Amino acid sequence: MKKIKVGMLGYSFMGRAHSNAYNQMPKFFYPPPAEPVKEIVCGRTKENVNSFAKQFGWNQVETDWKKMIDSDKIDLFDNSGPNNMHLEPNIAAAEEGINIFCEKPLARNLEEAEKMATAVRKNDVKAMCAFNYRRVPAIQLAKKLIDEGYIGDIYHWRAVYLQDWITDPDFPLVWRLRQDVAGSGPHGDLNAHIVDLSQYLLGGIKEVIGMEKTFIKERPLPSGAGVGLGDHTASEERKMGKVTVDDAVLFLAKFNNGALGSFEATRFATGRRNYNCFEINGSKGSIVWNLERMNELEFYSSEDPAFAQGFRTINVTEGIHPYVNKWWPSGHIIGWEHTFTHEVYDFFNAIAKDLEIHPNFDDAVKVQRVLEHVKDSIKSNSWKSC
Ligand code: SOE
């Protein structure tokens with residue numbers, strides 16, 4: 001059995017989701033295309049990384065990523081670090097001939113994304129960007145219905161990605177609220193997901209125009225290093241810091257296929273914890289998907305007999321759908337974390353059989369280009385071509 005030694009940078013929210021995927025994949029996608037070996041996990045604080053390694057079963061710990069990115073030590077570099085830690089380590093991994101699995105968004109801006117994609121092409125390594133929602137079985141069904149013409153010509157893409165974890169002004173200035181670390185706020189964090197999904201399902205975007213707002217402009221500094229998402233406690237002396245990213249970005253888009261699009265990403269949709277939802281309208285029907293009902297797809301077909309027309313809710317848990325038969329019998333639903341196991345399975349399969357993998361870094365550059373042109377359109381208050 002081929003083994004792939006993984007070196008992972010970061011051990012917070014995404015580090016846990018990825019570790020779980022490495023643990024689950026060889027058991028449920030058995031026999032695996034290759035066996036993940038959780039070789040090295042790297043983070044700044046030795047004691048925290050040590051306890052994480054024990055909790056999730058990593059063989060070694062490292063506090064210097066430069067020492068980990070070595071083809072004698074690892075075969076796959078998993079970048080689950082904050083966005084400002086994507087560029088240098090990913091390029092180092094590419095130059096070392098190591099395949100890369102990097103969390104989204106690929107970069108803080110388009111320039112960084114293009115540099116990483118160039119390094120990957122130049123060094124001929126495989127590199128996947130973890131837009132995990134593509135690997136929801138219901139999203140795969142949506143793609144099948146669209147590609148096989150069940151909803152006809154596409155008129156509209158309408159998507160929102162709504163969260164509300166920073167509506168409290170006392171929530172501290174964590175890394176996702178700092179442009180030097182994150183690059184942007186929900187725009188790069190959440191619009192990135194719905195832009196990737198729109199491009200996966202409908203194809204490219206040719207023009208955009210947007211608007212943004214930062215509702216709360218300064219926040220208490222975090223008590224700790226303030227880089228981890230989990231560092232939610234404000235500092236004792238309540239020193240304040242400036243929020244340097246968007247709190248909400250909305251934009252309109254014209255797709256290459258003639259469809260019109262609307263996108264909304266915010267962390268101020270009070271009551272919406274992680275509400276990723278889109279609707280696609282076509283000449284023969286419509287599709288609606290909602291992460292809060294992740295296993296379901298709503299489908300309307302104007303080809304149904306008039307007496308039976310209406311949105312039907314398809315429970316996408318039958319074994320005929322991708323990935324489903326590896327888990328449970330029909331009707332036993334799966335969750336958000338399973339999409340990471342699906343990503344790991346597809347990437348390990350692509351590595352083992354030397355196949356293309358998507359979304360790769362070129363796909364991630366396309367997302368970054370749309371995000372950047374939205375920001376440019378806000379500055380110029382005019383439409384921007386992508
Ligand atoms: C935080 O906003 C976050 O963890 C995103 O970074 C993820 O990509 C999304 O899936 C859930 O929310």
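As the structure lists them, so they are numbered: ligands from 1, and atoms in each ligand from 1. For this chain, numbers begin at 1 and follow the sequence in order. Model, not experiment: these values are computed from the prediction.
E279 places no side-chain N or O within 3.5 Å of a backbone atom of R158 that could act as its donor or acceptor partner. At distances below 3.5 Å, not a single donor-acceptor pair connects side-chain atoms of H358 with backbone N or O atoms of Y200.
The contact set between ligand 1 and Y161, taken as ligand atoms under 4.0 Å from a residue heavy atom, comprises 9 (C), 10 (O), 11 (C). Ligand 1 places these atoms under 4.0 Å from at least one heavy atom of Y133: 9 (C), 10 (O). Listed by number with element, the atoms of ligand 1 under 4.0 Å from a non-hydrogen atom of W336 are 10 (O). Residue F13 approaches ligand 1 through these ligand atoms, each under 4.0 Å from one of its heavy atoms: 4 (O). Atoms of ligand 1 found under 4.0 Å from any heavy atom of L190 (numbered from 1 in listed order, with element): 2 (O).
Remark: distances from the non-hydrogen atoms of R267 to ligand 1 are all 4.0 Å or more. Residue contact annotation: N276 has no non-hydrogen atom under 4.0 Å from ligand 1. Not a single heavy atom of E103 sits less than 4.0 Å from an atom of ligand 1.
In terms of the side chain to side chain donor-acceptor pair (under 3.5 Å) criterion, residue partners of N23 (sequence neighbours excluded) are, by chain and number, K38.
Remark: E292 CD is packed, more than 12 non-hydrogen atoms of other residues, nucleotides or ligands lying under 6.0 Å away.
For the pair H193 and ligand 1, the shortest N or O to N or O distance falls below 3.5 Å. Checking only distances, Q163 does come within under 3.5 Å of ligand 1, N or O to N or O. Between W165 and ligand 1, a contact under 3.5 Å exists for no N or O pair.
Exactly one residue among T317, V136, V324 makes a side chain to side chain contact (heavy atoms under 4.5 Å, CB included) with N295. That residue is T317.
Taking NZ of K115 as the start and CG of L106 as the end, the distance is 12.5 Å to the nearest 0.5 Å.
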Donor-acceptor contacts, no H, no angles, side chain residues 93-102, under 3.5 Å, sequence neighbours left out:
| residue | atom | partner | partner atom | Å |
| --- | --- | --- | --- | --- |
| E96 | OE2 | S71 | N | 2.9 |
| E96 | OE2 | S71 | OG | 2.9 |
| N99 | OD1 | K126 | N | 2.8 |

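Using modelled atom types, one finds no donor on one side chain facing an acceptor on the other under 3.5 Å when comparing Q24 with Y345.
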